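Single-structure report; data block below.
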Amino acid sequence: MLRREPMLSSRIFIWQQFTRLTPSEVLDVIPLFHPIWADADPEDIAFADSHAAHGNVRAWAQLTAHTRTALARTGRARVDQELLRWAFSRLA
């Protein structure tokens, strides 16, 4: 869409193409992405990726926001699969 608009397209210095993270990249990157994932069980991170985020960083950002809300509402200290299922239900 931006390429079709010359006034917008001319402002892009370098076009970048992003691809989804692989499952192993998710396990390396997501614990560094936000503190709630830093001490999360790698199995829970893999669960979240396979059920909701699918290696997409934008989806991880949304999931993180909903998961933070769930942690605050429940008073839990760590992410678990029950909490993640609730967060999945909030994703658009």
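The structure presented is a predicted model; accordingly, all values stated were derived computationally and were not measured.
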Rounded to the nearest 0.5 Å, how far does [atom2] of [Y] lie from [atom1] of [X]?
{"X": "L21", "Y": "D28", "atom1": "CG", "atom2": "CG", "result": "9.5 Å"}
{"X": "D44", "Y": "L83", "atom1": "CG", "atom2": "CG", "result": "9.5 Å"}
{"X": "I36", "Y": "L63", "atom1": "CD1", "atom2": "CG", "result": "7.5 Å"}

Residue pairs passing the salt bridge (charged side-chain N to carboxylate O under 4.0 Å, His left out) test with at least one member in residues 54-77, sequence neighbours excluded, are R76-D80, R76-E82
In short, ring pair (Phe, Tyr, Trp, His ring centres under 6.0 Å) pairs touching residues 56-92 with sequence neighbours left out are W37-W60, F47-F88
Taking all non-hydrogen atoms of both residues into account, name the closest pair between [X] and [Y] and its distance.
{"X": "L91", "Y": "A52", "value": "CD1-CB, 3.6 Å"}
{"X": "T67", "Y": "A87", "value": "OG1-CB, 3.7 Å"}
{"X": "V26", "Y": "G55", "value": "CG2-CA, 4.1 Å"}

Please answer whether the main-chain N or O of E5 pairs with a side-chain N or O of S9 as donor and acceptor at a distance below 3.5 Å.
no
side-chain hydrogen bond (donor to acceptor under 3.5 Å, both in side chains) filter on T22, not counting sequence neighbours, yields S24, E25
Single-linkage hydrophobic cluster W15~L8, side-chain heavy atoms < 4.5 angstrom: yes
